[in-house]
Amino acid sequence: RVLFRSGSTCSVRIMAGRAEKHDGVFIVPVELTGTATSGGSILYARAEILLVHKIPKGTGTPADLPISPYPPGKTAIYDQDRLFHGTDLQGIEQIDSCSAAGITAQVKAAPKPEIWIRQPLRTTWLTDPLVIDSAFQLMILWSFERSGCGSLPTFAGRYRQFQESFPREGSRIAIKITAERSHGATADIEFYDRTSGAVIARMENYECIIDTSLQAVFRRNQLAPSGTVELEVA
């Protein structure tokens, strides 16, 4: 995560290394970094991007999860007690099921990049940021049902996309829990075209931390209007 100080500017750098060929694909190391108050460098995130000549075809059917409706009386998905997200990030339209095995929902697509970014590098999204964030939001709701407190993502082992872009009509998300611990959980997340049922993308080995101390963090969710982010690409 990137921390903001009220009324200040936050600069981050997106850095990419040299591509190396391995098993028929090119692997590019990337990092998201920033500068600490002491002047040193902060590593926010690190990943490896696989470059291929042709997008692989997604296989499989929507995850077969036990059908358990979301608890009655919780029709308001977004509230300060669980999901504190503002209007722009309220992507969950309907929760279809929720149980110990996982959670499924219908989510909407993000608006065009120029709505969110002053000078976007592209006119369309390659990966829909609102759909991805909605998956993380669903894990917050799932952890509340299981543990009575929220969660935050800490790791994702692998993300593979099988289409050039996400559908504008929205997507269906199916999350299957693969491991549950006292202070965390691991899951596989699948994204589907909710009209055709085709697999759009898959995120494997997603991990999150679940802890009561996150409640205080969730309540500190307001940023002064003057707070801005500056991006540098290297």
Side-chain angles (χ1 to χ4, degrees), residues 1-6 10 32 34 42-47 63-108 110 128-159 171-191 201-224 227:
R1 63 176 180 171
V2 180
L3 297 178
F4 292 81
R5 291 186 180 277
S6 179
C10 178
L32 179 67
I42 300 175
L43 175 63
Y44 291 121
R46 175 185 291 132
D64 184 17
L65 301 175
I67 300 176
S68 301
Y70 196 59
K74 294 177 180 174
T75 54
I77 297 174
Y78 293 94
D79 58 49
Q80 292 296 318
D81 293 329
R82 295 196 172 193
L83 293 182
F84 51 81
H85 302 70
T87 303
D88 289 341
L89 290 179
Q90 294 180 5
I92 303 173
E93 294 182 315
Q94 174 184 313
I95 299 177
D96 298 324
S97 65
C98 181
S99 70
I103 185 169
T104 63
Q106 313 290 329
V107 301
K108 61 184 179 181
D128 191 306
L130 184 57
V131 174
I132 299 298
D133 193 75
S134 294
F136 302 159
Q137 295 176 31
L138 288 170
M139 281 302 297
I140 294 176
L141 295 177
W142 177 87
S143 64
F144 266 111
E145 291 304 313
R146 294 293 295 163
S147 307
C149 58
S151 65
L152 284 178
T154 57
F155 178 81
R158 180 185 178 96
Y159 174 82
S171 308
R172 177 176 185 263
I173 297 176
I175 301 177
K176 183 177 182 179
I177 305 301
T178 56
E180 185 176 359
R181 301 171 294 280
S182 57
H183 292 286
T186 304
D188 290 336
I189 306 174
E190 295 183 331
F191 305 88
R202 180 178 294 118
M203 183 181 293
E204 299 173 355
N205 199 24
Y206 164 92
E207 295 181 10
C208 64
I209 183 173
I210 303 173
D211 196 274
T212 54
S213 64
L214 292 175
Q215 299 304 99
V217 177
F218 284 3
R219 293 189 183 98
R220 296 197 303 269
N221 57 62
Q222 299 298 317
L223 179 67

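These values consider heavy atoms only, across backbone and side chains, with no hydrogens, waters or symmetry-generated copies. Here the structure is a predicted model, which means the values were calculated and not measured.
Of all the heavy atoms in Ser151 and Met139, the pair that sits closest is OG-O, 3.3 Å. Across every non-hydrogen atom of Ala187 and Ile175, the tightest pair is CB-CG2, 3.8 Å. The two residues Ser134 and Gly91 make their nearest non-hydrogen contact at OG-CA, 3.5 Å. Pairing each heavy atom of Ser143 with each of Ile210, the nearest pair is CB-CD1, 3.8 Å. Here the shortest heavy-atom pairing between Trp142 and Gly102 reads CD1-O, 3.8 Å. Taking each heavy atom of Leu138 and Ile103 in turn, the nearest pair found is O-CD1, 3.7 Å.
Contact of the Tyr78 side chain with the Ile92 side chain is registered, since non-hydrogen atoms from C-beta on lie closer than 4.5 Å.
Thr178 meets the side-chain contact (heavy atoms from CB on, under 4.5 Å) test with Thr186, Asp188; sequence neighbours excluded. Taking Ala135 as the reference, Ile173, Ile189, Phe191 meet the side-chain contact (heavy atoms from CB on, under 4.5 Å) condition, with sequence neighbours excluded. Taking the side-chain hydrogen bond (donor to acceptor under 3.5 Å, both in side chains) definition, one finds that Ser171 meets it with nothing, sequence neighbours left out. Not counting sequence neighbours, the partners of Gln94 by the side-chain contact (heavy atoms from CB on, under 4.5 Å) test are Asp96, Gln106. Evaluation of the side-chain hydrogen bond (donor to acceptor under 3.5 Å, both in side chains) rule for Glu204 yields no partner, not counting sequence neighbours. Checked against side-chain hydrogen bond (donor to acceptor under 3.5 Å, both in side chains), Arg158 has no partners two or more places apart in sequence or in another chain.
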If you apply the rule side-chain contact (heavy atoms from CB on, under 4.5 Å), what do you find for Arg146 with Ile177, and how did you get there? CA-CA 12 Å; Arg146 294 293 295 163; Ile177 305 301; over 6 Å; no
Asp128/Val107 under side-chain contact (heavy atoms from CB on, under 4.5 Å): CA gap, chis, key distance, verdict: CA-CA 11 Å; Asp128 191 306; Val107 301; over 6 Å; no
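Between the SG atom of Cys149 and the CZ atom of Arg82 there is a distance of 10.5 Å, given to the nearest 0.5 Å. The distance from atom CG of Leu141 to atom CD1 of Ile77, rounded to the nearest 0.5 Å, is 7.0 Å. Atom CD in Gln137 sits 7.0 Å away from atom CG in Leu130 (nearest 0.5 Å).
Under the 30°/60° scheme for interplanar angles, the aromatic rings of Tyr206 and Phe136 are found to lie parallel.
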